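One structure is given here, and the rest of the page talks about it.
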Amino acid sequence: MPTCLIGIDIGSYESKGVLSGLDGKILAKAAIKHELQFLKPGFVEQDVEKVWWGEFVELCRLLIEQAKVKKEDVKSVGLSGIYSMVPVDANADPLRSGGIMYGVDTRSVLEIEDILKKLGAEQIFKRTGNGLSAQSMGPKILWVQRNEPEVFRKAHSFLPCANFIAARLTGNFFIDHLTAGFFGPLYEPDKLAWAPDLCEGIVDPRRLPEPRWATELAGHVTAEAAKRTGLAEGAAVTIGTCDVASEAMSIGVRSPGDMMLMYGSTAWITLLSDAPMMDEKLFATPYIFPGTYCLHGGMATSGSLTRWFRDMVGADLVAAEKAGGPDSYSVISEAAAKVAPGADGLVVLPYFSGERSPLNDADARGVIFGLDIGHTRAHLYRAGMEGVGYSINHSLQVMAKAGAKANVMTSVGGGTKNAAWLQAVSDITKVPQRIPSMTMGASYGNCFIAAYAAGLIKDAATINNWVAMDRTVTPDPANFPVYERRMATYLELYRRNADLMHQISREQRSNA
């Protein structure tokens, strides 16, 4: 009887699943598309039952059927998901239909201000390793307490996407240390525990899931969960973690000094270390193995921005694709590749959902600067890609000041299919990017974590046998001067216009 593993990741716009063997060979893969729910300015959610649970169940059944294996062959299930939070009852049933999203959801601006007044920014940073921002989940729990008091009163726990699925499968309520690190200001990474005094007034820490390592098990599939999912009763289930951790594991990022750049709906940088590093403009958390830590930089938009540009200026391309024509992204990306680096003077500030690191400004707003009558949609699309590159570079500059310099990045995600985008980012950052030959992403990393957590693989270094690199994107020095000029403009545009952005944001909130 073969030993099989299932890894599933619930992303912003797509859920993906992989069924593999212990050798990393993929036996089946499947994906299901969905949408984020942009309810009103600042309110971004995802349907818990339909997307998180429903697509998990569907993917399990699809994978087992496609691989033509028995459900009993699946010995362990690895989970990851979009960083989020939903209040649940003691049966792990959601108490609201939508899970509240990461930094793109900015509903908790007032709660952030109140927590900062009470605890002070200095104490929060010193004890948690992070500032307080729209990325932080503590203020969003406080928002639920204030705005949905009945939901808050009934809540047994507050769970991110992957940990919610694990609770449904096993009946146990856990959270991994990496994800808990983003539950600011509630968690202290040096103690690997919730801080009762920091939780005071927000939530009783006894109502929060117990922190454990992502490479541990949450438990095993219950009889009830087996009926609902088609998995075998008793199959091992991991704690669950954020997609960035599983994505990093999928490309062999496991040791201090390794760095990942993920092109998803947002862009994300993760650098590993063997000791905590902190910077007020970045995020710091434990990693997935005991004794490992991360310094993160997260942009609020990336693929979501290129998607917006495509939809706004390339509606005809989208319609043609739906009618059986070529892939709309490929068409517009090929046109953008023919535009000279620097987009003929266009600079985009990609703050269309505020910005996370290094600005940590939920009230930042997008800018398209330098337009003239000669610019085309190809210019706009290229400028959007370059805007994400400037944002990535901004975080790398701050990391370097914190003592964490990027010598090479291993890049993953949908953006790695876009050669022009990859080249622009390497030219802007002056950092090479290694591209894996297979980018199955977080779901594939979850297969390895599932095997490791269940004791089916004993040595984490075995991941090196699963991963192969395809190519390296080398920075082109000829493009450095134009991008240095555009980068300077990019930084100055925010500095000069932040107050106007904040004014517009306040008006949007008051009219919501």
Side-chain angles (χ1 to χ4, degrees), residues 41-44 83-85 87 100-149 152 158 160 179-191 193-205 207-208 276-285 295-300 351 353-365 394-395 398 401-402 494-495 498-510 512:
F43 285 62
V44 186
Y83 176 56
S84 51
M85 181 275 295
I100 299 173
M101 293 294 98
Y102 54 101
V104 297
D105 181 284
T106 58
R107 73 184 67 194
S108 57
V109 171
L110 295 179
E111 285 72 24
I112 291 170
E113 293 175 356
D114 290 345
I115 294 171
L116 285 171
K117 288 177 183 177
K118 178 182 177 182
L119 299 175
E122 183 177 352
Q123 178 185 200
I124 292 172
F125 178 70
K126 183 177 180 180
R127 293 182 60 185
T128 70
N130 293 295
L132 211 59
S133 70
Q135 182 74 8
S136 309
M137 207 53 73
K140 294 180 184 182
I141 293 175
L142 181 58
W143 182 92
V144 174
Q145 180 197 127
R146 291 176 171 178
N147 294 274
E148 299 176 351
F152 184 83
F158 300 83
T179 307
F182 290 117
F183 265 56
L186 312 177
Y187 175 87
E188 286 187 284
D190 60 335
K191 296 180 180 178
W194 305 115
D197 61 322
L198 299 179
C199 292
E200 187 176 350
I202 301 174
V203 62
D204 187 329
R207 300 173 69 190
L208 295 171
M277 292 185 294
M278 297 192 304
D279 188 283
E280 292 179 343
K281 296 180 179 180
L282 301 171
F283 305 108
T285 68
L295 197 60
H296 307 275
M299 292 87 251
Y351 311 146
S353 293
E355 183 58 305
R356 292 188 285 177
S357 63
L359 300 181
N360 292 323
D361 185 355
D363 290 329
R365 289 295 178 263
H394 196 183
S395 280
V398 175
K401 290 180 181 178
Y494 173 75
R495 189 186 70 81
D499 58 336
L500 299 177
M501 296 177 183
H502 297 166
Q503 179 181 329
I504 291 293
S505 178
R506 286 194 296 269
E507 290 179 7
Q508 289 175 326
R509 283 202 304 273
S510 65

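Only a predicted model underlies this, so the values are computations on that prediction, with no experimental measurement involved.
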**Report entry** Separation between CG of Asn360 and CD of Gln135, rounded to the nearest 0.5 Å
**Finding:** 9.0 Å
Query raised in the report: Shortest non-hydrogen contact from Glu188 to Ala195?
Result: OE1-CB, 3.4 Å
Query - Within-4.5 Å side-chain heavy-atom neighbours: Arg146 and Asp114 - result: yes
Requested in this report: Assess whether side-chain contact (heavy atoms from CB on, under 4.5 Å) is satisfied between Glu148 and Trp143, documenting all intermediate values.
Outcome: CA-CA 8 Å; Glu148 299 176 351; Trp143 182 92; 3.7 Å; yes
Report task. Hey, can you tell me if Tyr83 and Phe182 have their rings parallel, tilted or perpendicular (30° and 60° cut-offs)? Result -> tilted
**Report entry** For the student: nearest non-hydrogen atoms of Gly181 and Asn130, plus distance
**Finding:** O-ND2, 3.4 Å
Query raised in the report: Does any N or O in the side chain of Gln145 come within less than 3.5 Å of the main-chain N or O of Gly201, such that one atom is a donor and the other an acceptor?
Result: yes
Query raised in the report: Strictly by modelled atom types, are Arg356 and Ser133 linked by a side-chain donor-acceptor pair under 3.5 Å?
Result: no
Report task. Give a yes or no on whether the backbone of Ala300 and the side-chain of Glu355 come within a donor-acceptor separation of less than 3.5 Å. Result -> yes
Extract all donor-acceptor atom pairs below 3.5 Å that involve side chains of residues 115-125 and protein atoms in other chains or at least two apart in sequence.
residue: Lys118; atom: NZ; partner: Glu200; partner atom: O; Å: 2.8
residue: Gln123; atom: OE1; partner: Arg127; partner atom: NH1; Å: 3.0
residue: Gln123; atom: NE2; partner: Leu119; partner atom: O; Å: 2.9

Query - Heavy-atom side-chain proximity of Cys199 to Leu208 below 4.5 angstrom - result: yes
Query - Short N-O contact, Asp279 and Lys281, less than 4.0 angstrom - result: no
Report task. State the OG-OH distance between Ser136 and Tyr102, to the nearest 0.5 angstrom. Result -> 15.0 Å
Query raised in the report: Distance from Leu186 atom CG to Phe158 atom CZ, nearest 0.5 Å?
Result: 10.0 Å
Query raised in the report: Would a 4.5 Å heavy-atom cut-off, applied to side chains only, mark Leu132 and Pro185 as touching?
Result: yes
Query raised in the report: Quick one: do the Ser357 and His296 side chains pair a donor with an acceptor below 3.5 Å?
Result: no
**Report entry** Polar side chain donor-acceptor pair, Asp361 to Tyr351, under 3.5 angstrom
**Finding:** no
Report task. With the side chain counted from C-beta on, respond yes when Phe152 and Asn147 share a heavy-atom pair under 4.5 Å apart, and no when they do not. Result -> no
Report task. First locate atom CG of Leu295, then atom CE of Met277, and finally report the distance between them rounded to the nearest 0.5 Å. Result -> 4.5 Å
Query - Gap between atom CE of Met101 and atom CE of Met137 - 0.5 Å precision - result: 7.5 Å
Query raised in the report: Between OH of Tyr494 and CZ of Arg365, what distance do you get to the nearest 0.5 Å?
Result: 11.0 Å
Query raised in the report: Looking only at heavy atoms, what is the nearest atom pair of Gly298 and Phe283, with distance?
Result: N-CE1, 4.0 Å
Query - Check: Tyr187 and Thr128 side chains under 4.5 Å, non-hydrogen atoms - result: no
Report task. Could you tell me which residues satisfy ring pair (Phe, Tyr, Trp, His ring centres under 6.0 Å) with His394, sequence neighbours excluded, listed by chain and number? Result -> none
Query raised in the report: Which pair of heavy atoms, one from Leu282 and one from Gly297, lies closest together, and at what distance?
Result: CD2-CA, 4.2 Å
Query raised in the report: Within the distance-only criterion (no hydrogens, no angle test), does the side chain of Lys140 pair as donor or acceptor with the backbone N or O of Ser84 below 3.5 angstrom?
Result: no
Query raised in the report: Are Arg509 and Asp363 side-chain neighbours, meaning at least one heavy-atom pair lies under 4.5 Å?
Result: yes
